[in-house]
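Single-structure report; data block below.
Keep in mind that what you see is a predicted model, and the values were worked out from it rather than measured. Below, chains carry the letters A, B, ... as their sequence lines are ordered, and counting in each starts from 1. Side-chain atoms are counted along with the backbone in the values below, which use heavy atoms only and exclude waters and symmetry mates.
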Protein chains: 2
Amino acid sequence: MNIGDVSALSGVPAKTIRYYEDIGLIAPPRSANGYRVFGEADLHRLTFLGRARSLGFSIDDCRALLQLYEDNTRASADVKQIAQKHLARIDAKVEELTAMHRTLSHLIHACAGDNRPDCPILEDLATSPGPTRRSKA
Amino acid sequence: MNIGDVSALSGVPAKTIRYYEDIGLIAPPRSANGYRVFGEADLHRLTFLGRARSLGFSIDDCRALLQLYEDNTRASADVKQIAQKHLARIDAKVEELTAMHRTLSHLIHACAGDNRPDCPILEDLATSPGPTRRSKA
DNA sequence: CTTGACCTTCCAGTTAGTGGAAGCACTATC
DNA sequence: GATAGTGCTTCCACTAACTGGAAGGTCAAG
């Protein structure tokens with residue numbers, strides 16, 4: 001298989017596949033003309049990577065997961081731990097975004113959005129920093 | 001005021017302040033010794049930037065908001081539009097993360113997490129992109 | 001033989017900074 | 001005046017994970 005074929009089959013862009021080779025996630029051999037030659041194993045790795053990345057795992061996580069994936073003596077606890085840490089990061093991010101959402105939607109609601117200059121959004125942005133003082137209490 | 005002073009007052013790191021000058025968000029004059037000299041207006045701009053960034057606005061958004069902030073003839077509608085677009089991006093991100101959370105917590109729950117190799121998480125990651133539909137945003 | 005699709009490498013750009021080195025400037029102390 | 005310590009300056013490199021594009025080699029078809 002050439003790079004275009006595995007790309008189509010795995011859903012991972014050719015450019016990304018080359019990048020993954022660069023950083024050592026895959027190591028396809030080359031044919032006489034210099035083209036990368038991919039086998040079934042490479043296709044599986046790339047599919048695995050595509051799925052893991054789509055779940056938000058970092059490249060470093062992917063590297064570790066891939067190693068466990070190909071280690072038949074692995075302990076599922078190791079996989080679970082990586083996933084749990086990742087889930088915690090996701091939750092933290094969601095919380096952060098949710099806080100932004102709250103503040104922002106509140107401000108948007110308070111803003112007339114007409115052609116006058118008065119704007120609670122700008123007023124909030126201009127407030128001094130310090131201990132997050134979003135509610136007057 | 002020197003950079004250390006505005007940094008302490010605005011909460012924006014000195015390094016970041018220099019970066020903001022680099023990309024044209026502020027333009028403090030220099031004193032004879034080459035030090036940047038900050039006035040009240042600069043302090044306000046930096047405070048504004050710090051708050052806007054903490055709400056997740058991009059640097060480009062900040063540039064636009066800052067311009068509106070200092071334009072007394074602005075229409076609050078323009079501010080509101082920027083905020084609404086940003087809110088939409090936040091919502092999209094939250095949805096994406098929530099989808100990840102769902103899948104991941106389901107898989108984690110199904111994984112024994114012991115010293116045996118059987119692992120639903122790895123099994124899912126190894127699935128072709130067909131069955132479990134993922135959408136790219 | 002030429003066209004076009006596919007492959008190659010390498011360079012640059014993306015976001016929003018952060019870390020660190022080398023070197024002046026200022027203040028205080030001895 | 002010499003020295004120490006802190007703060008300021010610039011510049012370069014690095015982060016995450018690609019993506020775009022240029023310049024050029026390869027291959028199958030017509």
Side-chain angles (χ1 to χ4, degrees), chain A residues 1-38 42 45-46 48-66 85-86 89-90 93 96-97 100, chain B residues 1-38 42 45-46 48-66 85-86 89-90 92-93 96-97 100 134 136-137:
Chain A
M1 271 189 292
N2 282 345
I3 200 168
D5 305 318
V6 267
S7 173
L9 289 172
S10 67
V12 178
K15 209 100 204 211
T16 302
I17 295 174
R18 293 195 192 96
Y19 171 69
Y20 285 170
E21 186 192 33
D22 245 32
I23 62 174
L25 282 177
I26 51 168
R30 304 298 183 107
S31 70
N33 59 16
Y35 287 17
R36 291 169 184 82
V37 180
F38 298 85
D42 294 307
R45 288 177 78 94
L46 286 170
F48 184 97
L49 286 168
R51 177 91 178 116
R53 292 289 301 128
S54 84
L55 285 178
F57 284 104
S58 71
I59 290 291
D60 264 8
D61 280 346
C62 287
R63 213 182 289 274
L65 289 171
L66 213 42
K85 275 192 180 156
H86 178 44
R89 279 191 300 267
I90 287 175
K93 192 75 190 166
E96 187 188 340
L97 289 173
M100 289 178 185
Chain B
M1 269 191 292
N2 282 346
I3 199 168
D5 306 318
V6 269
S7 172
L9 290 172
S10 67
V12 178
K15 209 100 204 210
T16 302
I17 295 174
R18 293 196 192 95
Y19 171 68
Y20 284 171
E21 185 192 34
D22 244 33
I23 62 173
L25 283 177
I26 52 169
R30 304 298 182 106
S31 71
N33 59 14
Y35 287 18
R36 291 171 183 81
V37 179
F38 298 86
D42 294 306
R45 287 175 78 94
L46 286 169
F48 184 97
L49 286 168
R51 177 92 178 112
R53 292 288 302 127
S54 84
L55 284 179
F57 283 103
S58 72
I59 291 288
D60 263 10
D61 281 345
C62 288
R63 211 182 290 272
L65 289 171
L66 212 44
K85 273 191 181 159
H86 178 44
R89 278 191 300 267
I90 287 175
K93 192 76 190 167
E96 189 188 338
L97 289 173
M100 288 179 185
R134 66 202 169 96
K136 188 67 220 287

Check nucleotides 2-7 of chain C against the protein and report each pair of N or O atoms closer than 3.5 Å, with its distance, or say if there are none.
{"residue": "C:dC7", "atom": "OP1", "partner": "A:G4", "partner atom": "N", "Å": "2.8"}

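- Residue B:T16 has a polar side-chain atom (N or O) positioned under 4.0 Å from OP1 or OP2 of C:dT18.
- Proximity of A:R30 to the phosphate of D:dG25: no side-chain N or O atom is located under 4.0 Å from OP1 or OP2.
- Using a 4.0 Å cut-off, no side-chain N or O of B:R63 falls inside it from OP1 or OP2 of C:dA16.
- In this structure, B:L49 CG and B:T16 OG1 are separated by 10.5 Å, a value rounded to the nearest 0.5 Å.
- Between B:R53 and C:dG17, a side-chain N or O to OP1/OP2 separation shorter than 4.0 Å is present.
- Side-chain nitrogen and oxygen atoms of B:N33 include at least one within less than 4.0 Å of the OP1 or OP2 phosphate oxygen of C:dC26.
- Five base pairs at each end of the helix from C:dC1-D:dG30 to C:dC30-D:dG1 define two local axes, and these are offset by 30° (rounded to 10°).
- Taking 4.5 Å as the limit, every side-chain heavy atom of B:K85 sits out of range of all side-chain heavy atoms of B:D61.
- Between A:Y19 atom OH and D:dA16 atom C1' the separation is 6 Å, expressed in whole Å.
- In this structure, B:F38 atom CZ and D:dT9 atom C1' are separated by 12 Å, rounded to whole Å.
- Atom CD1 in A:I26 sits roughly 16 Å away from atom P in D:dA17 (whole-Å rounding).
- Qualifying salt bridge (Lys or Arg N to Asp or Glu O under 4.0 Å) partners for A:R36, counting only residues two or more places apart in sequence or in other chains: A:E21.
- A close approach under 4.0 Å does not occur between any side-chain nitrogen or oxygen of A:S58 and OP1 or OP2 of D:dA16.
- Among the protein residues, A:Y20 comes within range of the sugar-phosphate backbone only, with heavy atoms under 4.0 Å from sugar or phosphate atoms but none that close to a base.
- The interatomic distance linking A:K15 (NZ) with C:dT14 (P) rounds to 15 Å, in whole Å.
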